[in-house]
Amino acid sequence: MVSAMPACTTRIDLPTPAPGTQRTLTVHRYGQPGTRPKAYVQAALHADEIPGLLVAQHLLLGLEQAQREGRIIGEIVVVPVANPIGLSQHLNGRLLGRFDWESTGNFNRGFPDLTAFVLDRVRGRLSADPAANVALIRATLKTALAEQNAVRETPALKQILLGLALDADFVFDLHCDSEALLHLYAGQGQRDVAVALGAELGAAAILLEDAPGGSPFDQACAGPWRRLREALAGEGPVPLACFATTVELRGQADVNDDYAAADAAALLRFLQRRGVLAGDPGPLPVPGCEPTPLDGVDVLTAPAAGVLVYRKGLGAWVMAGEVVAELVDPLGESPGAARISIRTATEGLLLTRMIERLARPGQKFCKIAGREPLSYRQAGQLLED
Ligand SMILES: [Zn+2]
């Protein structure tokens, strides 16, 4: 059934962090609540990753049009500014929105894993009907999250965001890297959906991993389904009922209407193909890449402090052992001679580069997406800080 229900905008107050201050989360909803499929989109959970903020604006324009044309079939929830806390963090004229200044860490880590709670409560209650199991698990996930009872502002923000997304069929967490080509993170069990989305967006890479570690938002949404499916394999069918992806919308400075309009149109076409919106999306574009394992991403690390001089650009195909960058010691003897060559361990696509050109020892500054898992990359520790 096609809904003509108007969009609804609600505002959710976060806990007051100090007397006289209050931050608010704005949530736009399209379609009848509870209608399927449900899609959830949020922008800039890392608050200094601005491309998603503009993509969300173009997406909302497209959804308004779809609504005028009576093309909303499912439910769509959009949080156009996912992190008003991080957006307020300025220092020396710069926005720093990756880590919470209230010391709770990276804004996209430490989301609650509700698997154990749900497992305890649904064990012995599954049926042979996958749809009934999905409904039971979704309801139990909501109960589990409600019991979290976050008090501080950032944990409360995380609880609210997860609550909006937790029962969605499709979750899009819009991020970007420092300098980067467009790429996606998704679970291995949903490779086909990730490939279809990647084709729509023109992704240069699709990084698949089930256990990246750190409990980012996408894992908090999709991970319980995979773990419950494994743990309850003998009891009844548990579909992977939530596809959640982190979409890296290129680099921090890649903010323009051409990119944003194209990215939003791609998301809208994806929603059409998946039955969230009516309308003809046209033929699926040919995928620009094959998925590769997240543990095949070579993360280059600076061995010392120095000036970073790249020898390869974004999008370069590099061979294992090739020099990707040099590190120049500005106090080296003799002048200009003290350079350390940094080589990649894999053949692959140069996907991201750090925009700062002064490296600190141990700093991760470049990612190369290779096809083969790398021995030093460990499950559960695949994301940076
Ligand atoms: Zn991010």
Side-chain angles (χ1 to χ4, degrees), residues 25 40-57 59 78-91 94-102 104-111 154-155 157-158 160-162 164-165 171-187 194 197-198 201 203-209 212-223 243-255 259-260 263-264 267 294 297 299-300 314 351-356 363-367 369 381-385:
L25 212 54
Y40 173 84
V41 183
Q42 70 178 23
L45 177 58
H46 284 144
D48 48 8
E49 299 176 2
I50 305 305
L53 298 180
L54 192 60
V55 169
Q57 292 304 299
L59 187 70
V78 181
V79 178
V81 178
N83 188 356
I85 302 169
L87 270 184
S88 71
Q89 296 184 162
H90 284 256
L91 184 69
R94 290 199 55 188
L95 172 60
L96 300 170
R98 186 174 182 84
F99 297 94
D100 180 16
W101 287 3
E102 288 285 325
T104 66
N106 186 320
F107 282 112
N108 191 24
R109 302 288 184 272
F111 279 84
T154 297
L157 172 71
K158 289 178 176 176
I160 293 165
L161 293 173
L162 188 54
L164 292 167
V171 171
F172 306 90
D173 192 12
L174 305 182
H175 286 248
C176 72
D177 212 297
S178 191
E179 297 179 332
L181 305 175
L182 194 151
H183 59 289
L184 310 178
Y185 292 83
L197 177 62
L201 284 161
I206 297 168
L207 306 175
L208 298 182
E209 178 52 57
S215 204
F217 185 77
D218 58 354
Q219 282 289 319
C221 294
F243 170 77
T245 179
T246 298
V247 182
E248 301 284 349
L249 297 164
R250 309 177 191 82
Q252 282 178 307
D254 292 323
V255 180
Y259 282 154
D263 295 343
L267 293 173
L294 183 54
V297 174
V299 181
L300 301 188
L314 281 182
L351 191 59
T352 77
R353 307 195 313 184
M354 180 177 76
I355 201 161
E356 290 84 6
Q363 191 157 27
K364 298 176 166 82
F365 67 88
C366 179
K367 292 180 202 141
Q381 299 172 33
L382 293 175
L383 303 176
E384 304 95 279
D385 292 340

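Start at 1 and go down the list; that is how both ligands and their atoms are numbered.
- Note on residues 79-90: pairs passing side chain to side chain donor-acceptor pair (under 3.5 Å), not counting sequence neighbours, are Arg23-Ser88.
- Tested against Val255 for a side chain to side chain contact (heavy atoms under 4.5 Å, CB included), the candidates Leu54, Val55, Leu53 yield a single pass: Leu54.
- With sequence neighbours left out, the salt bridge (Lys or Arg N to Asp or Glu O under 4.0 Å) criterion links Glu248 to no other residue.
- Asn108 pairs in a side chain to side chain contact (heavy atoms under 4.5 Å, CB included) with only one of the listed residues (Arg98, Lys158, His46, Gln219), which is His46.
- Evaluation of the salt bridge (Lys or Arg N to Asp or Glu O under 4.0 Å) rule for Asp218 yields no partner, not counting sequence neighbours.
- For the Zn ion (ligand 1), the tally of protein N/O/S atoms lying closer than 2.8 Å stands at 4.
- At distances below 3.5 Å, not a single donor-acceptor pair connects side-chain atoms of Thr245 with backbone N or O atoms of Phe172.
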